[in-house]
Amino acid sequence: MIIEFRCEIEHARRWMDRETLSIDGHDVPVQVAWTATAEPRPAGLDMLFELERIVLHKGKHSGVSSLKVIPDRTQARVATADVIVDFTSTARDPNCPARLYLRPRFNGAAGENAALAAILAGDLPVIEIVNEVDGAILDRGHPSGEIAAGLSGALETVMARTLTMVAAIVSGRPRIVPQLAHPATTASQRGPASYVARGLAVSIAKEIYRLCCYAPHWHVGWRLNDNAGVWQTGDLSGPGWNVLGDPGNHFYADPFPITWRGRTFVFFEDLDHRVGKGIISAIEFGDAGPIGSVVPVLEEPWHLSYPFLIEDDGELWMIPESSLAGDVALYKCVRFPDKWERHATLLSGLELADATIARHNGLSYLFGAWRDGTGGYSDSLAIYYAEHLLGPWRPHASNPVMIDRASTRPAGNFVTIDGKLWRPVQDCTGGYGAGLALAEIVELSPTTFRQIIRHSLKPGPLWPGRKLHTLNRCGRLEVIDGSRVQPKTRAFARRLPSAVLSTRTSPSTAC
């Protein structure tokens with residue numbers, strides 16, 4: 001198989017300069033056909049990208065940095081392509097013999113200008129991949145922008161996820177095409193110069209914020225609830241939420257509660273801002289709330305978070321997120337709650353965040369936010385299935401089964417309500433961790449998947465945190481998390497005599 005990219009030579013970018021495209025772990029040959037520019041680009045765009053490279057990206061080139069095309073590359077087409085991916089807005093030649101002619105569209109229009117127009121209007125576009133031979137939409141997705149710094153970063157994110165979708169189509173795996181509405185334009189389109197200037201100003205403001213405050217600073221909320229909880233009400237109403245106190249220079253996130261052999265503990269990510277690496281810690285809960293102190297329970301040389309817990313065959317297991325290590329590892333509890341041993345590697349050689357398992361129709365299904373090395377971390381859902389916890393775990397026929405920043409990334413345990421399977425998901429429409437949604441799974445098998453969002457939850461008067469991205473319950477105990485402003489001076493102030501601290505803001509109100 002040979003893939004041909006059709007790109008505009010006057011606006012060549014580094015992401016176009018490739019000889020292969022990874023398809024299911026295999027490098028498939030790519031040739032580039034350079035074409036004339038069909039539409040003019042905003043004046044000075046490459047100069048603005050260069051400014052962002054210096055200021056926002058610390059001097060590093062990105063995928064959308066300008067590519068100086070070597071003349072010989074324009075003569076590189078030596079074979080007839082099986083698949084053409086046309087990144088221009090030029091009409092397809094009706095006599096083209098390629099069996100598959102793919103055209104990426106951004107909010108319904110083709111070409112880089114369309115992607116830039118969406119970004120300048122204030123949002124990343126919905127990406128559609130169209131087969132221009134018959135007009136069919138083969139895939140659709142909405143990328144997340146948590147790492148999309150500036151105009152260049154946003155464009156790079158969009159093109160990276162476009163290639164993810166192209167690779168999935170070319171692989172021959174069946175695609176599950178979600179219904180996604182194009183973002184509504186809420187503001188007039190900015191010019192590139194003003195957009196970049198605003199982005200640089202925001203970046204400088206964020207750096208000042210980081211100098212003064214720990215960022216991000218997550219905190220765990222908890223409450224004891226004898227009545228209907230979040231899953232039943234679809235909102236955060238009910239008893240008031242309490243905040244689990246932290247030492248100031250640590251944050252707590254991703255709470256998972258469990259009762260094991262008569263004792264209830266909440267396990268969570270415990271990140272020390274001074275080293276920038278998370279471990280898994282836990283605290284015991286009694287009939288009235290937390291008892292005792294926070295106890296470290298698992299640490300590795302790499303960052304750990306999202307301590308998903310599962311009981312299986314009379315044993316307690318943990319699958320903490322370890323995507324930076326490139327695997328999904330299973331740990332066995334050998335002494336509750338503070339001693340865990342690595343028992344098996346369930347999946348390896350991939351970035352998979354927030355692995356969460358559910359049992360359904362005789363199979364175990366593992367959901368996770370998947371990333372192929374580029375683009376955002378929260379927009380692509382991969383599913384694996386197995387008969388037993390220890391595997392072998394097989395990929396869903398349509399991985400990644402969905403690309404949607406609003407409903408992909410796991411946010412806690414699955415629940416079953418009236419015989420129906422549900423899962424909480426992160427809604428990253430407003431940025432990473434901005435909100436939650438409750439999704440009912442209406443189809444799930446090794447070859448199918450469909451979910452429907454039934455409820456959306458946002459921070460507000462009922463939860464004074466600035467964000468919301470995990471939801472779990474164990475008996476009467478409900479837990480969530482969010483973020484707050486955490487001045488660095490408060491961590492230092494904790495070392496002062498108590499009289500000096502008499503006016504200090506309490507953790508539950510410093511949001």
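Residue numbers count from 1 along this sequence. All values below come from the heavy atoms of this structure, side chains included, with hydrogens, waters and symmetry mates left out.
With respect to Lys332 and Glu341, no salt bridge is recorded, no charged nitrogen being found less than 4.0 Å from a carboxylate O. The pair Asp272-Arg274 meets the salt-bridge criterion, since a charged nitrogen lies less than 4.0 angstrom from a carboxylate oxygen. A salt bridge is absent between Arg359 and Asp312; no separation between the charged side-chain nitrogens and carboxylate oxygens falls under 4.0 Å. Under 4.0 Å is where a charged nitrogen must lie from a carboxylate oxygen, and between Asp327 and Arg342 at least one such pair does. A salt bridge is defined here as a Lys NZ or Arg NE, NH1 or NH2 lying under 4.0 Å from an Asp or Glu carboxylate O, and Arg173 with Asp139 fails to meet this definition. A salt bridge between Asp372 and Arg161 is present, with a side-chain N of the basic residue lying under 4.0 Å from a carboxylate O of the acidic one. Remark: Lys458 engages Asp427 in a salt bridge, criterion side-chain N to carboxylate O under 4.0 Å. Ion pairing between a basic and an acidic side chain is recognised when a charged N comes within 4.0 Å of a carboxylate O; Lys60 and Glu52 show no such pairing.
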Test ring pair (Phe, Tyr, Trp, His ring centres under 6.0 Å) applied to Phe267 and Phe256, step by step: CA-CA 5 Å; Phe267 291 75; Phe256 279 80; 9.4 Å; no
side-chain hydrogen bond (donor to acceptor under 3.5 Å, both in side chains) assessment of Asp270 paired with His250: CA-CA 7 Å; Asp270 178 353; His250 287 232; 2.7 Å; yes
Working for side-chain hydrogen bond (donor to acceptor under 3.5 Å, both in side chains), residues Glu351 and Ser323: CA-CA 5 Å; Glu351 289 183 81; Ser323 57; 5.5 Å; no
Residues His388, Asp313; criterion side-chain hydrogen bond (donor to acceptor under 3.5 Å, both in side chains); working and verdict: CA-CA 10 Å; His388 307 286; Asp313 196 25; over 6 Å; no
Working for side-chain hydrogen bond (donor to acceptor under 3.5 Å, both in side chains), residues Ser378 and Ser144: CA-CA 6 Å; Ser378 305; Ser144 61; 4.8 Å; no
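Side-chain rings of His469 and Tyr432 approach one another, their centers coming within less than 6.0 Å.
Side-chain contact between His142 and Ile127: absent, with no pair of heavy atoms (C-beta onward) separated by less than 4.5 Å. Inter-residue side-chain proximity for Leu421 and His360 is flagged as met; some heavy-atom pair is nearer than 4.5 Å. With a 4.5 Å cut-off on side-chain heavy atoms, Ser281 and Val295 do not count as touching.
Thr448 and Ser445 share a side-chain donor-acceptor pair at under 3.5 Å. The closest side-chain donor-acceptor pair between Thr470 and Asp481 falls under 3.5 angstrom.
A donor-acceptor distance shorter than 3.5 angstrom exists from the side chain of Glu146 to the backbone of Tyr377, with no hydrogens or angles considered. With hydrogens and angles disregarded, a donor-acceptor distance shorter than 3.5 Å links the side chain of Arg175 to the backbone of Ser398.
To the nearest 0.5 Å, atoms CG (Leu444) and CZ (Arg423) are separated by 10.0 Å.
For the ring pair (Phe, Tyr, Trp, His ring centres under 6.0 Å) criterion with Phe414, the lone passing option out of Trp231, Tyr365, Trp422, Phe367 is Phe367.
Counting non-hydrogen atoms of neighbouring residues, nucleotides and ligands closer than 6.0 angstrom, the CD atom of Glu387 reaches no more than 12 such neighbours.
Note: His217 and Phe251 have perpendicular aromatic rings, judged against thresholds of 30 and 60 degrees for the angle between ring planes. Between Phe285 and Trp222, the ring-plane angle classifies as perpendicular under the 30° and 60° cut-offs.
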